[in-house]
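Here is the structure we will look at, set down as structure tokens.
Note on naming: letters A, B, ... go to the chains in the order of the sequence lines (proteins, then strands), and numbering restarts at 1 for each one. Side-chain atoms are counted along with the backbone in the values below, which use heavy atoms only and exclude waters and symmetry mates.
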Protein chains: 2
Amino acid sequence: MRKDVHTDGIPVLCVSCEARHKGVCGALEPEQLVALAKTSHKHHAESGSELLGDAEKIDTYANVLSGVVKLTKTLSDGRQQIVGLQFAPDFLGRPFKTESELNAEAATEVSLCSFPKASIERMMQASPELERRLYKQALKELDDAREWMVTLGRKTAAEKIASFLLMIARHIDPSAAPDRNSASFDLPLTRADIADFLGLTIETVSRQLTRLRADKVITIENNRHILVPDLARLEARAGN
Amino acid sequence: MRKDVHTDGIPVLCVSCEARHKGVCGALEPEQLVALAKTSHKHHAESGSELLGDAEKIDTYANVLSGVVKLTKTLSDGRQQIVGLQFAPDFLGRPFKTESELNAEAATEVSLCSFPKASIERMMQASPELERRLYKQALKELDDAREWMVTLGRKTAAEKIASFLLMIARHIDPSAAPDRNSASFDLPLTRADIADFLGLTIETVSRQLTRLRADKVITIENNRHILVPDLARLEARAGN
DNA sequence: CGGCCGGTTGAACGATATCAAACACCGTGG
DNA sequence: CCACGGTGTTTGATATCGTTCAACCGGCCG
């Protein structure tokens, strides 16, 4: 456990930053944080803007401070698949590769704190603790990816939608803690994104959502806001 | 680069081990190798035997020395999905977790070199180089998983089969190097396994294989041995 | 021999895709 | 103010791909 009581020596940029607590920056000593903060800067990206292109040279990494970033892969004929979603305070980047194999795009309005690739890599050499955090995040992403492989390969459209809603609820709704059994949140993705995430078409996504609504498992307001009165009922439809 | 010319001080167990070169053990100094070798042992597992059960306590890690290990996840009603394949000299294990979230099963006859979880973890503390290798393998597995998500979510049955054959060819057939344009290999998986890997049924797998054979893209001998006279033609069917 | 296992093949069905139309919302410009 | 076009979403009719159910084949082993 690190002492976070004092803010002495913590860069202003970082004082109220979530990444300093739960993110990778939590691995750094105050003086390292100062060094890193010198070369980093916060910035916003509006929904839909591309953060990183496929086959593009990677020169910066970033922390997601708010919003949702989608990682996508596209086949030559245009078929697309979302292969990862990153929420705050996830680390965005692929160490040890100079070129990206995927696209990163802001799914919502996003705020980022980005730093030069070289800074992170230098700091990784110096701080095993940082490397370990990054390693752990990679393992978590791998666990998530494998979980989704089951969803993509073996679940029905209805189960996919239920699984997706559950995943979002867990990530976004603070009240969806283990004990609470209801949830309420805004979908960070359009129907098209959801389709790309689940390997479905937008029509199927729409139909399954209306079906869940008709069955009173969820309520939908303004197309984006979802209310789940009973998470257990939703889970029962996720097919795990 | 490590000097591998002398075998002085290299444990007998490790002298001719592939993992010492391309695997994680390559990160270790001779004396560390000696220490690790003391607590490790090689053993075989026959095809179909379970190496690690879901929700089982993890107490050993291992290197795959030969053969293929499949990582699977199963839904409560029995639907199964293969979420990873491990070839020599891959490292088998999930650091930082005490309980497995998946099943590991020998897909072929397999030989392993396994060590106590604690040994590896101690050594990881001592050797950043080892941790880095493990980190890199995790990133590679993540890349692979994401590649398969595209296959699972967006490709047709025919494309899935072609992609699968290509992946196996690249892993198994030594002659399938970039320059060579033909390949020949034994499938390490049964039709049922292939189906679980691709999110299909065995009937569909069988039909698509016969179709590829009918179209003269592949030749099949003894149900298991595959010959690909022209890898480019197979690639054209993988839909990337 | 008989039974089992892995694989192939056929026929019918059904879930999801595809094609098409309409709707709701929203900002723009007349 | 309303008409307009654009975007995201819903809904309906039809088509298609992959599943399901069933039969059969060949090799292997008891």
Original post:
Rounded to the Å, how far apart are Leu209(A) CG and dG8(D) C1'?
Top reply: 13 Å
Subject >> Minimum heavy-atom distance Ser184(B)-His225(B), with the two atoms named >> reply: OG-NE2, 2.8 Å
Original post:
Over how many whole Å does the gap from Arg191(A) atom CZ to dG8(D) atom P extend?
Top reply: 12 Å
Original post:
Going by heavy atoms in the side chains, are Leu165(A) and Leu187(A) under 4.5 Å from each other?
Top reply: yes
Subject >> By ring-ring contact (aromatic ring centres under 6.0 Å, His included) - contacts of Phe185(B) (at least two apart) >> reply: none
What protein N or O atoms touch nucleotides 17-22 of chain D N or O atoms at under 3.5 angstrom, if any, and at what distances?
from, atom 1, to, atom 2, distance (Å)
dG18(D), OP1, Ala157(B), N, 2.7
dT19(D), OP1, Thr201(B), N, 3.4
dT19(D), OP2, Thr201(B), N, 3.4
dT19(D), OP2, Thr201(B), OG1, 3.1
dT19(D), OP2, Thr204(B), OG1, 2.2
dT20(D), O4, Arg207(B), NH2, 2.9
dC21(D), N4, Glu203(B), OE2, 3.1

**OP:** Measure the distance from CG on Asp193(A) to C1' on dT9(D) and round it to the nearest whole Å.
**Re:** 14 Å
Original post:
Given Gln137(B), which of Glu141(B), Arg133(B), Lys140(B) fulfils the side-chain hydrogen bond (donor to acceptor under 3.5 Å, both in side chains) condition?
Top reply: Glu141(B)
**OP:** Can you label the angle between the Trp148(B) ring and the Phe197(B) ring as parallel, tilted or perpendicular, going by 30° and 60°?
**Re:** perpendicular
**OP:** Measure the shortest side-chain to side-chain distance between Lys155(B) and Asn240(B) over non-hydrogen atoms and say whether it is less than 4.5 angstrom.
**Re:** yes
Original post:
Taking the side chain as C-beta and beyond, is there a heavy-atom pair between Leu71(B) and Leu92(B) under 4.5 Å?
Top reply: yes
Subject >> Partner of Tyr61(A) by ring-ring contact (aromatic ring centres under 6.0 Å, His included), out of Phe115(A), Phe96(A), Phe91(A) >> reply: Phe91(A)
**OP:** Indicate whether OP1 or OP2 belonging to dT10(D) is found under 4.0 Å from a side-chain N or O atom of Asn223(A).
**Re:** yes
Original post:
How many Å lie between CD1 on Ile220(A) and P on dG8(D), as a whole number?
Top reply: 18 Å
**OP:** For Leu212(A) and dT9(D), give me the distance from atom CG to atom P, rounded to whole Å.
**Re:** 16 Å
**OP:** Tell me, please, the opening and closing nucleotides of DNA chain C, 5' to 3', among those with an atom under 4.0 angstrom from a non-hydrogen atom of chain B.
**Re:** dG7(C) to dA11(C)
